[in-house]
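Structure, as structure tokens:
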Amino acid sequence: MLGLMQEWPLLCHKIIDHAARQHGNREIVSRSVEGPIVRTTYRELRQRALKVAQMLERDGFVLGDRVATLAWNTARHVEAWFGIMGIGAVYHTLNPRLFPDQLAWIMNHAEDKAIFVDLTFVPLLEKIAPSVKSLKKVIVLTDAAHMPETSLPGAVAYEDWLAGADGDFAWRSFDENTAAGMCYTSGTTGDPKGVLYSHRSNVLHAMMAAMPDAMGISSRDSILPVVPMFHANAWGLGQSAPMIGAKLVMPGGKMDGASIYELLDTEKVTFTAAVPTVWLMLLQHLEETGKKLPYLKKVVIGGSACPRVITKKFQENFDVEVIHAWGMTEMSPLGTLGTMKPEYAGLTGDARLDIQEKQGYSPFGVEMKVTDDENRELPWDGKTFGRLKVRGPAIARAYYGGAGTEQFDTEGWFDTGDVAHIDPNGYMQITDRAKDVIKSGGEWISSIDIENLAVGHPDVAEAAVIGVAHPRWDERPLLIVVPKAGKEPSKDDILRFMNGKIAKWWMPDDVAFVSEIPHTATGKIQKTALRERFKAYALPTA
Ligand code: ADP
């Protein structure tokens with residue numbers, strides 16, 4: 001027997017309809033790429049998104065067409081997203097930090113037909129566009145006054161293009177399983193792989209993200225997504241913020257400590273999210289200037305493991321709650337969040353920080369397990385680690401074009417490539433990427449734990465740990481350190497600081513000092529580049 005409830009497909013444009021109707025005057029504040037701060041509302045944003053949809057259709061784009069965006073977080077980027085999805089086309093966020101060759105490869109693979117591009121990235125797109133045969137239309141996200149000279153064929157200024165529409169348009173309707181968005185993983189090994197979100201998965205993910213014990217956001221919040229829309233959908237905030245009617249504050253292209261601080265302060269931001277490196281910059285800015293964070297209540301930190309020192313400083317010096325989160329492009333991206341269940345809610349000080357070093361537990365909509373290499377499920381004892389596998393309605397069941405089939409099994413589990421353990425209360429902790437784990441004498445050493453500890457040293461700005469070949473142990477950990485400006489910590493200093501805080505056999509065999517550590521396009525430490533650079537490194541213990 002079927003239920004007798006209404007058919008109401010979960011389509012993304014219903015989110016912006018709801019925002020315009022229920023929260024129509026709520027502001028979206030952007031640091032524009034042209035410079036000034038600009039303000040709009042959900043009502044206006046929806047109206048402009050309808051014009052985007054109307055113009056795309058007039059230009060001949062239809063259901064299923066991939067429309068790329070190469071842009072910072074601004075209201076224009078959000079309205080482009082909703083406009084694209086509103087005709088059943090697919091927004092495809094491109095990460096401008098990738099190399100031109102990689103971007104061209106990705107655009108060709110996705111067969112992008114049109115692109116919305118920020119002024120900042122016009123020179124970059126000029127390099128790529130000639131090799132993307134599918135590309136028919138370039139829309140530069142600016143007005144006529146700021147439109148640059150460009151070799152991009154037929155490029156139009158967004159505001160001019162939009163002026164061609166009157167907005168008298170109705171969203172197209174289609175099945176909720178229709179593709180809505182696309183994002184490629186950065187592919188540190190092998191080619192990038194395309195993840196194809198559906199309307200249904202985006203809507204469910206936005207609801208899941210907003211729940212009180214997930215991000216816990218509401219219409220009373222002022223939300224600053226520092227995490228870019230091209231980095232796994234700004235962790236869903238581009239959809240969950242309008243869904244619950246929160247004010248949105250968009251940082252544009254400026255993500256340094258001072259610029260972020262300015263927005264946090266003037267826009268009375270209560271909630272923000274970004275990768276750890278952004279917060280290291282902000283905290284440094286706060287320490288240098290003596291400024292405080294009177295409005296900010298919560299910060300979500302993920303993308304790579306959040307060092308304890310960041311959590312401690314936010315909470316103890318600024319009274320801001322840290323939510324450590326883990327996720328992946330393949331998961332829309334949220335997987336787990338470290339909010340406190342009653343079992344842990346009473347903890348304070350170091351005991352609380354211990355729990356917050358874990359990546360947290362999964363909300364409804366994410367199932368997870370850890371297995372050994374034979375796919376046998378491992379106990380949730382908080383120490384036995386293995387491969388982390390997940391499934392749920394906002395998790396990829398395949399990659400676009402059929403790559404990476406080995407990561408999906410017949411029971412619907414996706415192998416994340418992360419190594420983790422889960423404690424009896426369901427809190428998961430990543431110990432490594434499977435390919436970064438250090439294998440010493442047949443046992444595994446977690447590079448993340450050592451890195452987290454090392455960045456707690458007052459003179460250390462950033463730290464990375466890699467395995468280096470060792471004649472007796474196969475591999476031993478080498479700690480690579482970027483000292484803080486003006487500081488010269490010694491190897492002994494650092495090792496003494498770490499001593500007793502991790503198992504003795506996990507202690508790095510040596511410390512190498514460098515001026516910079518390379519990062520991937522999503523802000524993670526590029527271990528492949530470090531392994532290459534230090535592959536002939538002679539450990540003193542060898
Ligand atoms: P990319 O590989 O393109 O950078 P993702 O942003 O999807 O794409 O990366 C997901 C990976 O980032 C996860 O599989 C995990 O290894 C790592 N990661 C994300 N959040 C955390 C976290 N809080 N702690 C440790 N690792 C994390």
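This structure is a prediction, so every number in the text was calculated from the model and none was measured.
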Side chain to side chain, K313 and L286, heavy atoms closer than 4.5 Å: no
About how many Å separate CZ of R172 and CD1 of I87, when rounded to the nearest 0.5 Å? 8.5 Å
Would you check, one step at a time, whether the test salt bridge (charged side-chain N to carboxylate O under 4.0 Å, His left out) holds for K14 with E176? CA-CA 11 Å; K14 289 187 170 146; E176 64 179 17; over 6 Å; no
V33/T142 under side-chain contact (heavy atoms from CB on, under 4.5 Å): CA gap, chis, key distance, verdict: CA-CA 8 Å; V33 177; T142 193; over 6 Å; no
In Å, rounded to the nearest 0.5 Å, how long is the span from OG of S201 to CE of M208? 10.0 Å
Any idea how F121 and W72 line up, ring-wise: parallel (<30°), tilted (30 to 60°), or perpendicular (>60°)? tilted
Can E316 and R352 be counted as an ion pair, charged N to O under 4.0 angstrom? no
To the nearest 0.5 angstrom, please state how far the OG1 atom of T74 sits from the CG atom of D118. 5.5 Å
Does T311 use its side chain to pair, donor to acceptor, with the backbone of V322 at less than 3.5 Å? no
Value for OG (S131) from CE (M107), rounded to nearest 0.5 Å, stands at 9.0 Å
Expected output: side-chain H23 to main-chain A246 donor-acceptor under 3.5 Å: no
More than 12 non-hydrogen atoms from neighbouring residues, nucleotides or ligands closer than 6.0 Å to CZ on R58, yes or no? yes
Salt bridge (charged side-chain N to carboxylate O under 4.0 Å, His left out), that's the test. Do K247 and D221 meet it? Break it down for me. CA-CA 6 Å; K247 171 178 172 181; D221 277 311; over 6 Å; no
Nearest heavy-atom neighbours spanning R66 and A110: NE-O, 2.8 Å
Above 12 or not: heavy atoms from other molecules or residues under 6.0 Å from NZ of K268? no
NZ of K113: more than 12 outside heavy atoms within 6.0 angstrom? no
Is it the case that the side chain of K298 and the backbone of M215 share a donor-acceptor pair, with hydrogens and angles ignored and the cut-off at 3.5 Å? yes
Evaluate the side-chain contact (heavy atoms from CB on, under 4.5 Å) criterion for residues M55 and K137: first the C-alpha distance (whole Å), next the side-chain angles of each, then the deciding distance (0.1 Å), finally the verdict. CA-CA 12 Å; M55 287 308 296; K137 180 104 197 164; over 6 Å; no
So which of N73, V275, N95 actually passes side-chain contact (heavy atoms from CB on, under 4.5 Å) with H231? V275
Between the main-chain N or O of G417 and the side-chain N or O of D415, is there a donor-acceptor pair closer than 3.5 Å? yes
Would you please indicate yes or no on a ring centroid separation below 6.0 angstrom for H92 and Y184? yes
Which is it for L50 and Q47 under the side-chain contact (heavy atoms from CB on, under 4.5 Å) test, yes or no, and what are the steps along the way? CA-CA 5 Å; L50 280 165; Q47 202 49 37; 3.9 Å; yes
Heavy-atom neighbours of D168 CG exceed 12 at 6.0 Å: no
Taking atom CE of M182 as the centre, report whether more than 12 heavy atoms of other residues, nucleotides or ligands fall under 6.0 Å from it. yes
Hey, does S362 have a side-chain heavy atom less than 4.5 Å from the side chain of M331? no
Specify the closest pair of heavy atoms between L224 and V249, including all atoms of both residues, with the distance to one decimal. CD1-O, 3.0 Å
Donor-acceptor pair, side chain of K133 and main chain of P130, under 3.5 angstrom: yes
Distance check, rounded to the nearest 0.5 Å: F318 atom CZ versus K291 atom NZ? 11.5 Å
Less than 4.5 Å apart, side chain to side chain, heavy atoms only: is that true for T69 and F230? no
Which is it for R31 and E267 under the salt bridge (charged side-chain N to carboxylate O under 4.0 Å, His left out) test, yes or no, and what are the steps along the way? CA-CA 11 Å; R31 188 189 293 285; E267 300 307 324; over 6 Å; no
Hey, are T41 and N25 close enough side-chain-wise for a donor-acceptor pair under 3.5 Å? no
Is there a side-chain contact (heavy atoms from CB on, under 4.5 Å) between H205 and Y197 once you walk through the steps? CA-CA 10 Å; H205 182 268; Y197 309 108; over 6 Å; no
Would you find a donor on one side and an acceptor on the other, under 3.5 Å apart, between the side chain of S259 and the backbone of K254? no
Once you measure the plane-to-plane angle for Y361 and Y427, does it fall in the parallel (<30°), tilted (30-60°) or perpendicular (>60°) bin? tilted
Side-chain donor/acceptor of K358 to backbone N/O of G338, under 3.5 Å: no
Please give me the minimum heavy-atom distance between D143 and E34, naming the atom from each residue. N-OE2, 4.3 Å
Ignoring hydrogens and geometry beyond distance, is a side-chain donor-acceptor pair present between E330 and Y399 at under 3.5 Å? yes
I need the single residue from R48, M229, Q239 that forms a side-chain contact (heavy atoms from CB on, under 4.5 Å) with V78. Which is it? M229
Has the side chain of T272 got a donor or acceptor atom that lies under 3.5 Å from a matching backbone atom of V299? no
Write down the atom of A165, the atom of Q54, and the distance for their closest heavy-atom approach. CB-OE1, 3.1 Å
Distance-only, no hydrogens or angles: does the E126 side chain make a donor-acceptor pair with backbone N or O of S151 under 3.5 Å? yes
Taking the six-membered ring where the residue is Trp, are the ring centres of W171 and F82 under 6.0 Å apart? no
Applying side-chain hydrogen bond (donor to acceptor under 3.5 Å, both in side chains) to N202 and H199, what does each step give before you reach the verdict? CA-CA 5 Å; N202 273 353; H199 282 259; over 6 Å; no
Y295 side chain reached by V269 side chain, heavy atoms, under 4.5 Å: no
Does E79 reach the side chain of E44, with side-chain heavy atoms less than 4.5 Å apart? no
If every non-hydrogen atom of V117 is compared with every non-hydrogen atom of V122, which pair is closest and at what distance? CG2-N, 4.1 Å
Given side chains that start at C-beta, do those of T336 and V366 come closer than 4.5 Å, heavy atoms only? no
Closest contact, heavy atoms only, C183 versus T329: SG-CG2, 3.7 Å
What distance separates S30 OG from H77 NE2, expressed to the nearest 0.5 Å? 11.5 Å
Check the angle between the aromatic planes of F414 and F408 and answer parallel, tilted or perpendicular using the 30° and 60° thresholds. tilted
Student check: side-chain heavy atoms of V320 and K297 closer than 4.5 Å: no
I want to check something: taking the side chain as every heavy atom from C-beta on, are I139 and V52 in contact at a cut-off of under 4.5 Å? no
For the side chain of R76 and the backbone of L141, is there at least one donor-acceptor N/O pair under 3.5 Å apart? yes
So for atom CG, which belongs to D175, do other residues, nucleotides or ligands contribute more than 12 heavy atoms lying within a distance under 6.0 Å? yes
